Amino acid sequence: MKKSLPFSSPAKRLALFFPGLLLLSLLISACQTPPASAPITESSFHFDTLVTVTIYDSKDKSLLTDCMELCDYYENIFSRTLEDAELTQLNEAAKKEENAGQALSLSDDLAALLEKGLEYSRLSEGAFDVTLEPVSSLWDFSSGQASVPSGSSIQEALPNVGYEKVQTDSRSGISSQNSAPSTSPENTAAGGHTVSFQQAGMGLDLGAVAKGYIADRLRDYLVSRGVKSATINLGGNLICIGNKPDGSPFKIGIQKPFSDRSDTIAYMDVTDMSVVTSGIYERCFEADGKFYHHLLNPETGYPYENHLISVTILSPHSVDGDGLSTACFALGLDKGTALLNNMEGIYGIFITDDYEIHYTEGFAEHISVVEEP
Ligand code: ADP
Ligand code: MG
C-alpha cells in the first residue's frame, strides 16, 4: 500500500505554499506499524528544498533537531545565495582580477566537496563541470523565477567555465568523509586547503553534489548515535539507514516524470543505500513554447537536450549518487550507462522521453525492482 511521506504539519504548510519546490522524485512507502512503534519525523526547508528525517527505532527527538542544525551548518558553507556562506564569499573573491591565480583558503568541508565536484568533472570530461557557476547563476533556477538569459550574457560567461582551470592544494590532507560526525563540526579554513582559479570571473557551483554530501553527514551522525532504522530525504536525495523496523527493506518508489508525486513508475527494495534522482521536471519552466530545465550543458550554456527525462543512482554514498546522477544525465544514456557499468556496487536507472526504463548492468541481480503496470 502506498502512502506519501509523513510530513509534519508546518512543513506541509510550507509545501503547499511552495508547490514548485516539492516535486520529489522518491516516495517512501510507509510501513504498517502499530502506534507504539510509530516513527519520529521532522521536516524543514533548507537549500530551497524540503528536508525530512524519519527515525523508526528511537524516540529521541533531539536527534531530529540535531539533523536540522547540521543542515543549517552546511547551508552556511555550501550555499551560493546566502550572503555570508563560505561558497558565496569564495565566488565573490574569484570574480576579482587581483585574485586570479591566487591561493584562496577553503574550510575542510568545502575542500572535500570541491574534490568530489572535480572528480565528477574529470570522470565526465566536463559534461558535468563544477565551475558552471558563471553560467548557472545567469539562469538562476534556484530563485524559482528563472528566465532565459540573453545570448550575449551566456557567450560572455562561457569562457569562465572550465574545471581544468581550477587548482587545489591541501597541505594537511582533506578531512576523511568518514571522520566521526558531531553536531558542532570543526570546520576551519586553517586546515590548509586552498583553491586557485586561473582567471578572474570564475566560480563554483556545487549544487549537483552538496545535497548528497550533507545527506551522508546526517547519516554518519545518526549512525554514530546508534540509529539503525531511518530515512533521510533532501529533496530527492534519499538515504535509507538499515531496514524498516520489521526487518524488511524500505520500499522506494520512483516518481512517474511530470506526474503527481504519488504516481510511481517502479518500486525498489532498498537497504542501507542512497537513492538520488536528477530529472528535468525538478526545476523547469516554459518560455515562448520552449521547455527549459536546470541541467545545463557547460559547452553551450543551455539545457541538455538528449532525450533523457531522469537518471536515478543507487550507491553506498549519497555524494556519489548525487554527482553521478547529474554527470550521467549530462553524459546521456549510452555514455552514462557505460560509466556506471564500470563501477562496482553502483546502479542506475535512466528514463527516456518515451517513458522507457533502462537499467544498468547488474541492477536486476542486486536490486529487487517492480515496475508499475
Ligand atoms: P537537484 O539539486 O535539483 O536535485 P542535481 O543534483 O541534478 O539536481 O543538481 C542540479 C544542479 O547542479 C543545478 O541546479 C546546477 O546548480 C548544477 N548543474 C547543472 N548542470 C550542471 C552541470 N552540467 N555540471 C555541474 N553542475 C550542474
Ligand atoms: Mg546531482
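Computation of the quantities below employed the complete heavy-atom set of this structure, encompassing side-chain atoms and omitting hydrogens, waters and symmetry-equivalent molecules. First listed ligand is number 1; within each ligand, the first listed atom is number 1. Remember, predicted model here, so these are calculated numbers, not experimental data.
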- Item | Sub-3.5 Å N/O-N/O distance, V130 and ligand 1 |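 It does not: no N or O of V130 is found under 3.5 Å from an N or O of ligand 1.
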- Message: Please report whether ligand 1 has a polar contact with L132, defined as an N or O pair separated by less than 3.5 Å (distance criterion only).
- Response: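 N/O-N/O distance under 3.5 Å: no.
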- Nearest heavy atom to atom 17 (C) of ligand 1 wins, so pick from D205, T131, I280, L331.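 Looking at heavy atoms only, the winner is D205.
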State, with a plain yes or no, whether a side-chain heavy atom of [X] is found less than 4.5 Å away from one of [Y].
{"X": "L63", "Y": "S58", "answer": "yes"}
{"X": "L114", "Y": "H193", "answer": "no"}
{"X": "I265", "Y": "I357", "answer": "yes"}

Taking 4.0 angstrom as the limit and counting only heavy atoms of [X], give me the atoms of ligand 1 inside it, by number and element.
{"X": "S278", "answer": "5 (P), 6 (O), 7 (O)"}
{"X": "R283", "answer": "3 (O)"}
{"X": "T326", "answer": "5 (P), 6 (O), 7 (O), 9 (O)"}
{"X": "K211", "answer": "1 (P), 2 (O), 4 (O)"}

If we set the cut-off at 4.0 Å for heavy atoms, which region of [X] has an atom near ligand 1: side chain, backbone, both, or neither?
{"X": "P298", "answer": "side chain"}
{"X": "A330", "answer": "neither"}
{"X": "D129", "answer": "backbone"}

Looking at ligand 1, is there an atom of it that comes within less than 4.0 Å of some heavy atom belonging to [X]?
{"X": "S136", "value": "no"}
{"X": "F141", "value": "no"}
{"X": "A327", "value": "no"}

- Message: Between N306 (side chain only) and F329 (backbone N and O only), is there a donor and an acceptor less than 3.5 Å apart?
- Response: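 Yes, N306 side chain to F329 backbone: donor-acceptor pair under 3.5 Å.
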- Using atom types as modelled and distance alone, determine if a side-chain donor or acceptor of S325 lies under 3.5 Å from a backbone N or O of V276. no
- N/O/S atom of A208 inside 2.8 Å of the Mg ion (ligand 2), strictly under: yes
- Message: Strictly under 2.8 Å, is the Mg ion (ligand 2) approached by any N, O or S atom of N237?
- Response: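 No, outside the cut-off.
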- Where the Mg ion (ligand 2) is the vertex, angle from D322 OD1 to T326 OG1 to 10°: 180°
- Run through the side-chain heavy atoms of Ile, Leu, Val, Met, Phe, Trp and Tyr, join any pair under 4.5 Å, and report what else lands in V370's cluster. none
- Note on the structure: When rounded to the nearest 0.5 Å, the distance separating CG of L118 from CZ of R122 is 5.0 Å
- Message: Could you check whether E125 pairs with K335 (Lys NZ or Arg NE/NH1/NH2 to Asp/Glu carboxylate O, under 4.0 Å)?
- Response: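 Between K335 and E125 there is no salt bridge, as every charged N stays at least 4.0 Å from the carboxylate O atoms.
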- Query: Can you get from F141 to L132 by hopping between Ile, Leu, Val, Met, Phe, Trp and Tyr side chains that sit under 4.5 Å apart?
  - Reply: yes
- Identified side-chain contact (heavy atoms from CB on, under 4.5 Å) partner of F128 from the options V209, L295, L324: V209
- Shortest non-hydrogen contact from S79 to A85?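 Closest pair (atom of S79, atom of A85, distance): O-CB, 3.5 Å.
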- Item | Nearest non-hydrogen protein atom, atom 3 (O) of ligand 1 |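 Its nearest protein heavy-atom neighbour is H294 NE2, 2.9 Å.
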